[in-house]
2 protein chains.
Amino acid sequence: MHENQWLRLRQMRDSLLYLPGLFYSHAMGEPADHLKSIADLARLAGVSVSTVSRALTGKGALNKGTRARIQALADQHGFRMNVAAQNLRLGRTGAIAVLLPIGPERSRQLSDPFFVTMLGYLADALTDRGYDLLLSRVVPQGEEWLDAFIRSRRADGIIVVGQSTQSRALDRAAAHYRPMVVWGAGSTDNVHVTVGTDNVTGGALAARHLMERGRRRLAYFGAVSVPEFAARHRGFLDALPDDLRNGVDLVPTAMTPDQSFRAAADYFAAGHRPDGVFAASDVVAMSIMAAAAEHGLRVPQDMAVVGFDDIMLARFAHPPLTTIRQDIEAGARALVDLLVRRIEGQEALTVQIAPELVVRESS
Amino acid sequence: MHENQWLRLRQMRDSLLYLPGLFYSHAMGEPADHLKSIADLARLAGVSVSTVSRALTGKGALNKGTRARIQALADQHGFRMNVAAQNLRLGRTGAIAVLLPIGPERSRQLSDPFFVTMLGYLADALTDRGYDLLLSRVVPQGEEWLDAFIRSRRADGIIVVGQSTQSRALDRAAAHYRPMVVWGAGSTDNVHVTVGTDNVTGGALAARHLMERGRRRLAYFGAVSVPEFAARHRGFLDALPDDLRNGVDLVPTAMTPDQSFRAAADYFAAGHRPDGVFAASDVVAMSIMAAAAEHGLRVPQDMAVVGFDDIMLARFAHPPLTTIRQDIEAGARALVDLLVRRIEGQEALTVQIAPELVVRESS
DNA sequence: CTGTTAGCGCGTTCAT
DNA sequence: ATGAACGCGCTAACAG
């Protein structure tokens with residue numbers, strides 16, 4: 001047949017261009033195919049490219065029979081459309097960028113399990129919506145990094161996980177770029193749209209719990225220059241009666257295990273002996289407990305400890321950690337919902353998620 | 001001037017199409033621009049698109065003056081080329097896919113800090129090479145998932161982090177797809193190219209260390225159906241004298257905190273009292289220590305514990321964890337080096353990285 | 001219901 | 001040194 005002759009010709013030409021063996025899988029005797037475009041498939045099926053396009057996308061009217069035939073042919077040859085070309089044509093990228101600003105409050109290695117967990121749920125939620133997840137760690141420099149990224153148009157939208165110390169840069173970008181949502185502390189001052197735990201309430205939960213436990217000499221460990229953590233501190237203080245509030249030690253520290261361990265060790269070495277501690281994250285809480293053990297402090301007898309996040313390891317800390325739980329899965333879903341809505345041009349405003357006290361044996 | 005008139009016309013048209021304010025950032029008085037393609041920039045500069053292309057890519061011969069002029073114009077308007085279109089034209093995607101097979105041995109939430117750390121270093125290494133990082137969690141189903149992903153051509157190469165139980169699927173794909181590297185256990189049986197710690201040596205280090213500590217009643221905790229962890233177990237056993245080897249308890253468990261905690265709790269509840277334990281990961285080791293504490297076992301007096309990975313939290317475990325350190329950063333760089341080499345068509349074979357014993361107070 | 005045509009934004013011959 | 005023209009692989013009018 002005419003078609004077949006043409007096909008053989010093509011194969012011969014291809015075999016001159018490509019090394020044999022590279023494009024043929026011998027595993028399971030299944031041939032890898034050379035159909036590189038819908039044009040190839042169209043010729044094979046004896047139809048036009050637009051027909052193939054309609055068949056494969058399911059858009060537009062098409063005869064049931066031809067659609068099925070082309071589908072079958074595609075499956076049989078393992079053909080998949082070139083997503084990049086499709087996206088170019090549709091004026092999109094099909095990807096959402098997840099940016100992790102590496103600020104002073106988290107370690108360079110992203111060692112915080114909270115991030116990973118969030119990343120996992122984001123990956124799921126984005127995949128459900130048909131988006132790819134473009135991961136980018138950014139070391140914020142100057143005020144241009146975000147705008148530069150936006151202008152490169154490598155993604156249809158941006159999810160920033162953690163405000164870090166970049167609220168200004170975020171606001172600046174949000175002023176003219178809509179498809180962006182940020183995980184962090186909401187504020188009426190923010191131009192950028194956030195999803196986040198109600199950190200103030202979370203801090204209050206910790207304060208009330210420690211008071212119920214009869215603790216009076218209190219301390220807060222954590223970052224203070226990052227809105228998210230500052231809000232936890234503020235909520236903690238605000239929930240205390242005046243006489244206690246003024247006596248709360250503020251121990252500022254970066255949120256990495258080693259830095260917070262050092263901060264705690266120094267703090268205890270200086271002779272401080274609080275009987276109740278609120279840590280801005282579980283990782284910090286666990287480091288504090290390690291430092292406490294080295295100084296002979298018993299948890300919870302001598303000192304109660306409350307963390308924040310409820311990372312999976314918290315249950316298996318020594319002792320198991322009392323903490324303020326963040327619903328990370330709900331957060332991830334809210335981030336994606338909001339972002340998609342903004343991409344579609346709808347209004348979508350800041351969302352807060354309720355925290356929950358989880359009592360274990362450290363308090 | 002002619003040029004200016006045209007420009008004003010364009011702006012007027014645009015202002016009819018777009019809401020004012022959306023495309024103009026009032027922050028810092030800097031106008032957001034409408035230059036959407038090099039064609040726009042070409043008109044503005046009074047040159048052809050190919051000239052702009054040459055100016056911006058730096059490829060091809062071009063007058064120093066015009067190149068500088070176009071560059072300046074681009075900077076001034078904050079213009080960046082459309083990377084997607086560029087990639088389509090160049091027949092590439094500019095992205096590397098990092099696939100995390102969610103097998104039975106790691107939790108659904110990617111909670112293992114090892115993964116995150118690896119991800120961070122991979123992001124750095126890929127960014128250095130100019131690649132985007134496309135993150136994808138895959139739940140392996142059937143034998144087709146990997147081939148299907150490959151055929152979608154969404155990435156120029158693939159890094160699979162963790163063989164999980166998918167060695168067959170990996171081999172199957174590697175038979176006809178070259179730009180793929182896998183983090184995991186190397187083996188002469190593998191068709192796929194791996195980078196990984198020398199797990200056998202790692203297991204042997206743990207065995208010899210426990211013997212030096214005088215421990216004789218030994219146990220191994222971890223997955224056994226995953227090559228990576230199976231190799232640790234094998235290396236552990238092989239380094240022991242015959243009389244000890246046969247007495248080693250094998251406690252199979254998924255590598256999540258909760259599952260390994262349960263396995264350890266059950267094991268201790270059944271009355272087993274090893275004096276030396278080798279855990280296939282630090283997370284498992286920490287769960288074992290938590291379970292041991294609940295059963296009144298003291299670490300290291302009653303039972304020495306050795307982990308694997310040296311995650312950042314290991315230093316702050318209670319007690320600080322002795323472990324077999326993996327050089328994750330070196331691993332990530334090796335993965336990327338190998339992958340890039342294979343993309344460029346060079347031969348590049350499996351790499352092993354030496355593990356290192358880190359002695360702390362749990363042994 | 002299907003084919004033809006004209007781009008999406010860029011690189012790259014081939015002219016000039 | 002620069003421009004015109006074509007094509008990467010796909011979608012979406014517009015015809016028929």
Side-chain angles (χ1 to χ4, degrees), chain A residues 3 10 14 17 33-71 73-74 77-95 130 132 151-156, chain B residues 17 33-71 73-74 77-95 130 151-156:
Chain A
E3 282 299 323
R10 246 190 90 72
D14 284 351
L17 293 172
D33 264 291
H34 339 257
L35 300 178
K36 294 182 306 186
S37 71
I38 57 175
D40 293 347
L41 188 54
R43 281 192 217 94
L44 201 67
V47 296
S48 75
V49 284
S50 42
T51 298
V52 173
S53 172
R54 285 188 275 254
L56 265 37
T57 58
K59 292 177 183 173
L62 202 56
N63 183 304
K64 281 285 177 195
T66 44
R67 167 162 295 158
R69 192 165 57 83
I70 294 174
Q71 276 284 12
L73 217 49
H77 291 256
F79 175 78
R80 307 263 310 243
M81 283 201 302
N82 185 323
V83 184
Q86 186 175 39
N87 286 332
L88 178 63
R89 179 59 234 242
L90 294 176
R92 65 177 194 195
T93 69
D132 284 332
R151 283 198 304 265
S152 75
R153 284 168 295 175
R154 284 189 303 192
D156 298 337
Chain B
L17 292 173
D33 265 290
H34 338 256
L35 300 178
K36 293 182 306 187
S37 71
I38 58 174
D40 292 347
L41 188 54
R43 280 192 218 95
L44 200 69
V47 297
S48 74
V49 286
S50 37
T51 299
V52 173
S53 172
R54 284 188 274 252
L56 265 37
T57 58
K59 293 177 183 173
L62 201 57
N63 182 304
K64 281 286 178 195
T66 46
R67 167 163 294 159
R69 192 165 56 83
I70 294 174
Q71 276 283 10
L73 217 51
H77 290 257
F79 175 78
R80 308 262 311 245
M81 283 202 301
N82 184 322
V83 184
Q86 187 175 37
N87 285 332
L88 177 63
R89 179 57 235 243
L90 293 176
R92 65 177 192 195
T93 69
R151 283 198 304 264
S152 76
R153 284 168 293 175
R154 285 188 305 193
D156 298 335

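FYI, side chains are in, hydrogens and waters are out, and symmetry mates aren't considered; it's all heavy atoms of this structure. Note that the structure is predicted; figures quoted are calculated from it, not measured. All chains are named by letter (A, B, ...) in the order of the sequence lines, taking the proteins before the strands, and each is independently numbered beginning at 1.
Nearer the 5' end of DNA chain C, as judged by each residue's closest nucleotide, is the contact made by A:L90, out of A:L90 and B:Q86. Closest-nucleotide positions on DNA chain D for B:L62 and A:T57 were compared, and the one nearer the 5' end corresponds to B:L62. For A:L88 and B:S48, each mapped to the nucleotide of DNA chain D holding its nearest heavy atom, the one lying further toward the 5' end belongs to B:S48.
The base of D:dG9 has none of its N or O atoms less than 3.5 Å from a complementary donor or acceptor on the side chain of B:R153. Counting distance only, with no hydrogens placed and no angle test, the side-chain atoms of B:R54 and the base atoms of D:dG3 include a donor-acceptor pair under 3.5 Å.
A:K64 has its NZ atom 12 Å from the P atom of C:dT2, to the nearest Å. For the pair B:K36 NZ and C:dG7 C1', the interatomic distance rounds to 13 Å; values are reported in whole Å. Between A:R89 atom CZ and D:dA12 atom P the separation is 7 Å, expressed in whole Å. The nearest whole Å value for the distance from the CZ atom in B:R69 to the C1' atom in D:dA1 is 13 Å. Separating the CG atom of A:L56 from the P atom of D:dG9 is a distance of 15 Å, rounded to the nearest angstrom. Protein atom NZ of A:K59 is 14 Å distant from nucleotide atom C1' of D:dA13, rounded to whole Å. If you measure from atom CG of B:D40 to atom P of C:dC10, you get 9 Å, rounded to the nearest angstrom. Per the geometry, CZ belonging to B:R43 stands 12 Å off P belonging to C:dC10, to the nearest Å.
The phosphate of C:dT12 has neither OP1 nor OP2 within less than 4.0 Å of any side-chain N or O from B:S50. For D:dT2, one of the phosphate oxygens OP1 or OP2 lies less than 4.0 angstrom from a side-chain nitrogen or oxygen of B:T66. Residue B:S53 has a polar side-chain atom (N or O) positioned under 4.0 Å from OP1 or OP2 of C:dG11.
Each of D:dG9, C:dC1, D:dT11 was ranked by its minimum atom distance to the side chain of A:M81; first place goes to D:dT11. In this structure, of C:dG11, D:dA12, C:dC1, it is C:dC1 that holds the atom nearest to the side chain of A:A61.
Nucleic acid contact for A:T51: sugar-phosphate only, since backbone atoms but no base atoms lie under 4.0 Å from a heavy atom of the residue. When heavy atoms are screened at a 4.0 angstrom cut-off, B:V47 is found touching the sugar-phosphate backbone but no base atom. Within the nucleic acid shown, A:S37 comes within 4.0 Å of sugar-phosphate atoms alone, with no base atom in reach, counting heavy atoms only. In this structure, A:I38 reaches the bases: a heavy-atom distance under 4.0 Å links it to at least one base atom across the strands shown.
Here the closest heavy-atom approach between residue A:L56 and residue A:A74 is recorded as CD1-CB, 4.4 Å. Of all heavy-atom pairs spanning B:G60 and B:R54, the tightest one is CA-CD, 4.4 Å. The two residues A:M81 and B:R153 make their nearest non-hydrogen contact at C-NH2, 3.9 Å. Annotation for B:F79 and B:L41: closest pair CD2-CD2, 3.8 Å, computed over non-hydrogen atoms.
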For B:T57 and B:Q86, what are the C-alpha separation, side-chain angles and deciding distance, and is it a side-chain contact (heavy atoms from CB on, under 4.5 Å)? CA-CA 10 Å; B:T57 58; B:Q86 187 175 37; 4.0 Å; yes
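Side chain to side chain, B:T93 and B:N87 fail the donor-acceptor criterion of an N or O pair below 3.5 Å.
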